[in-house]
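I have placed the structure first, in the form of structure tokens, so that the comments after it can refer back to it.
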Amino acid sequence: MTAVVLTIKNNYSLEFVKYISIFIVIFLLAVIVGLSYDYSLYFTIRDITYLLKPISGLLLGYQLFHKSIKNPFQFVVYAGISIALYHLILVGYGFVFQNIRNMRDIRFYGGYFNDFEIYTLVLLVFRDKFNLEFSRRKSIVFLTILAVSSFFYLARTNFLQFIILIMAIKGVFVLTKKSLTIITIVIALTIAGYASIYYYNPVRNGKGIDEFLYKIKMAPAEAFSTKINRNDWKQFNDNYRSYENIRTVQQLSYNSTLLFGEGIGSQVDLKQKVYLGDMELRHISILHNGFMTVLLKTGLLGLFIYLYSIIFFFKRNTYSNPNLVNIHYLFIGTGVFLILSNWVFMGFYNLIDTKSLLIGFLFAYKYNLIKSAQQ
């Protein structure tokens with residue numbers, strides 16, 4: 001928050017104000033609803049931290065932009081390279097000094113995901129479109145660094161994010177007969193790939209890549225199961241994220257709080273203690289699912305408002321400036337990805353999320369391009 005205050009600007013684009021207002025309304029709604037309850041101060045402060053995250057992230061990203069930056073996309077790439085190099089140092093430390101040899105340990109020492117690096121990787125893949133003034137040699141070096149770093153997060157969502165953003169920049173999500181054909185082919189290939197992994201039948205805690213393939217195999221059940229046997233530890237562990245969703249809906253329905261939620265400081269009763277990180281908890285205030293977190297705090301009213309933060313990116317726009325067109329495509333890809341990101345990893349509400357910084361930065365860059373064209 002200190003960085004947000006220190007970089008505050010005199011004016012903001014109307015489009016950005018409209019977008020960030022979505023998260024401000026959700027925050028205020030959660031606060032108002034929470035006033036009707038007597039929640040623990042710890043969980044109240046914790047919720048405030050999480051619900052302010054997209055607001056502070058978007059603001060900071062917007063305020064980091066300055067019109068004196070010669071090539072904003074190049075600025076973003078250098079930021080991504082810095083993050084990737086730091087990540088590779090962490091992974092290297094784990095391999096050399098901690099003797100890590102499995103997926104869990106790699107992610108423990110290196111981190112679980114980084115959306116910013118994927119955006120940077122996509123910018124480099126389409127470096128001609130984004131006017132990146134790098135030599136061929138430097139481009140290859142940067143691409144290698146980002147590709148290796150991104151791979152070592154071993155995050156299923158990052159792999160899907162890369163595909164989604166590639167499709168977005170190619171204009172696939174601007175629906176035409178051709179784009180629908182491409183989307184159909186991609187879906188078919190995804191189903192075929194998943195079927196191959198399913199029939200290969202990788203085992204839990206397998207060696208090498210098997211552990212990662214097992215996570216892919218269990219992905220649909222993990223996120224979308226509607227019935228889970230709590231007494232079967234394997235089923236419970238593999239489908240835990242779905243269990244959080246099930247318990248949230250059950251609790252809100254039982255308490256008749258589905259419409260407005262239970263406010264800041266509210267918690268979901270898991271009905272049993274679960275190890276989350278280094279703590280054993282029965283009651284949790286923040287879920288893996290961003291949609292369900294908003295539902296818990298603000299009910300269906302807040303959830304519908306939150307869904308607009310995704311729909312916002314799909315507005316039709318006709319730009320002649322290539323940079324504006326590419327930002328528009330990045331926004332469309334972001335909207336598609338946010339559906340997935342919110343379902344499994346809290347979207348903008350994840351405290352370690354970095355894509356909100358980039359989105360805020362792109363809002364400011366877009367505003368600057370439009371203002372320059374009008375002068």
Side-chain angles (χ1 to χ4, degrees), residues 30 33-34 37 39-40 42-44 46-47 50 102-105 107-108 112-113 154-157 194 197-199 201-206 210-300 302-303 306 339-347 349-351:
V33 173
Y37 300 88
Y39 290 130
S40 159
Y42 168 79
F43 285 106
T44 300
R46 190 168 187 263
D47 279 4
Y50 273 92
N102 59 57
M103 185 182 81
R104 286 162 297 164
D105 289 341
R107 301 186 76 196
F108 176 79
Y112 294 97
F113 75 102
L154 295 168
R156 294 163 293 178
T157 51
Y194 176 78
I197 293 172
Y198 188 87
Y199 286 109
N201 196 27
V203 296
R204 178 197 306 274
N205 299 330
D210 262 30
E211 189 174 2
F212 180 64
L213 293 177
Y214 181 81
K215 293 286 288 182
I216 295 176
K217 173 189 170 184
M218 298 307 302
E222 180 183 0
F224 299 105
S225 291
T226 56
K227 190 174 182 180
I228 297 169
N229 180 6
R230 290 195 292 127
N231 297 317
D232 183 338
W233 73 268
K234 288 184 178 180
Q235 185 183 113
F236 182 80
N237 183 71
D238 287 341
N239 305 291
Y240 172 71
R241 296 188 187 199
S242 289
Y243 181 73
E244 286 185 348
N245 302 338
I246 293 168
R247 282 297 305 133
T248 301
V249 174
Q250 287 176 344
Q251 178 175 306
L252 292 175
S253 300
Y254 181 81
N255 293 340
S256 301
T257 52
L258 201 55
L259 184 56
F260 297 107
E262 300 182 357
I264 269 187
S266 57
Q267 303 166 60
V268 172
D269 183 359
L270 297 175
K271 298 294 185 181
Q272 69 182 66
K273 288 188 175 182
V274 177
Y275 275 103
L276 296 170
D278 58 352
M279 296 182 290
E280 189 180 28
L281 303 170
R282 172 170 170 163
H283 298 86
I284 58 172
S285 62
I286 298 296
L287 294 82
H288 285 84
N289 189 312
F291 297 124
M292 288 296 167
T293 299
V294 172
L295 181 68
L296 173 64
K297 308 304 175 185
T298 61
L300 290 172
L303 181 59
Y306 188 43
I339 299 171
L340 172 67
S341 176
N342 273 293
W343 193 262
V344 299
F345 237 21
M346 293 189 68
Y349 283 109
N350 193 310
L351 289 185

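Quick caveat, the model's predicted, so the values are computed rather than measured.
- Contact record, E262 with T257: OE2-OG1, 2.9 Å, taken as the closest heavy-atom pair.
- In this structure a side-chain-to-backbone donor-acceptor pair under 3.5 Å is missing from R282 to L270.
- Between R230 and K271 there is a side-chain heavy-atom pair separated by less than 4.5 Å.
- Without hydrogens or angle criteria, T293 side chain to L287 main chain gives a donor-acceptor distance under 3.5 Å.
- Using a 30° and 60° split on the angle between ring planes, W343 and F291 fall in the tilted class, from 30° to 60°.
- Judged by distance alone, the side chain of N239 and the main-chain N or O of S242 form no donor-acceptor pair under 3.5 Å.
- Although no hydrogens or angles enter the test, the distance criterion places no donor-acceptor pair under 3.5 Å between the side chain of R247 and the main chain of V268.
- Screening I246, N289, V344 for a side chain to side chain contact (heavy atoms under 4.5 Å, CB included) involving R241 leaves a single residue, V344.
- Judged by distance alone, with hydrogens and angles left aside, the side-chain atoms of Q251 form a donor-acceptor pair with the main-chain N or O of D269 at under 3.5 Å.
- For K297 (side chain) and G34 (main-chain N/O), no donor-acceptor pair under 3.5 Å exists by modelled atom type.
- Between T157 atom OG1 and F345 atom CZ the span is 6.0 Å, to the nearest 0.5 Å.
- Contact of the N245 side chain with the H288 side chain is not registered, since no non-hydrogen atoms from C-beta on lie closer than 4.5 Å.
- Contact detail for S253 and L258: the closest heavy-atom pair is OG-CD2, 4.2 Å.
- Between Y306 and N342, some side-chain heavy-atom pair lies under the 4.5 Å cut-off.
- Side chains of Y349 and V294 form a contact here, defined as non-hydrogen atoms less than 4.5 Å apart.
- Shortest non-hydrogen contact noted between D47 and G263 is OD2-O, 4.3 Å.
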Original post:
Step by step, would you call H283 with F43 a side chain to side chain contact (heavy atoms under 4.5 Å, CB included)?
Top reply: CA-CA 10 Å; H283 298 86; F43 285 106; 5.6 Å; no

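- When side chains are defined from C-beta on, L295 counts as touching L300, because their heavy atoms get closer than 4.5 Å.
- Considering only residues two or more places apart in sequence or on other chains, Y50 meets the side-chain contact (heavy atoms from CB on, under 4.5 Å) condition with R46, I286, M346, L351.
- Taking the six-membered ring where the residue is Trp, Y39 and Y37 present parallel rings, their angle staying beneath 30° rather than reaching 60°.
- Nearest approach of S266 to L296, heavy atoms of both residues: OG-CG, 3.5 Å.
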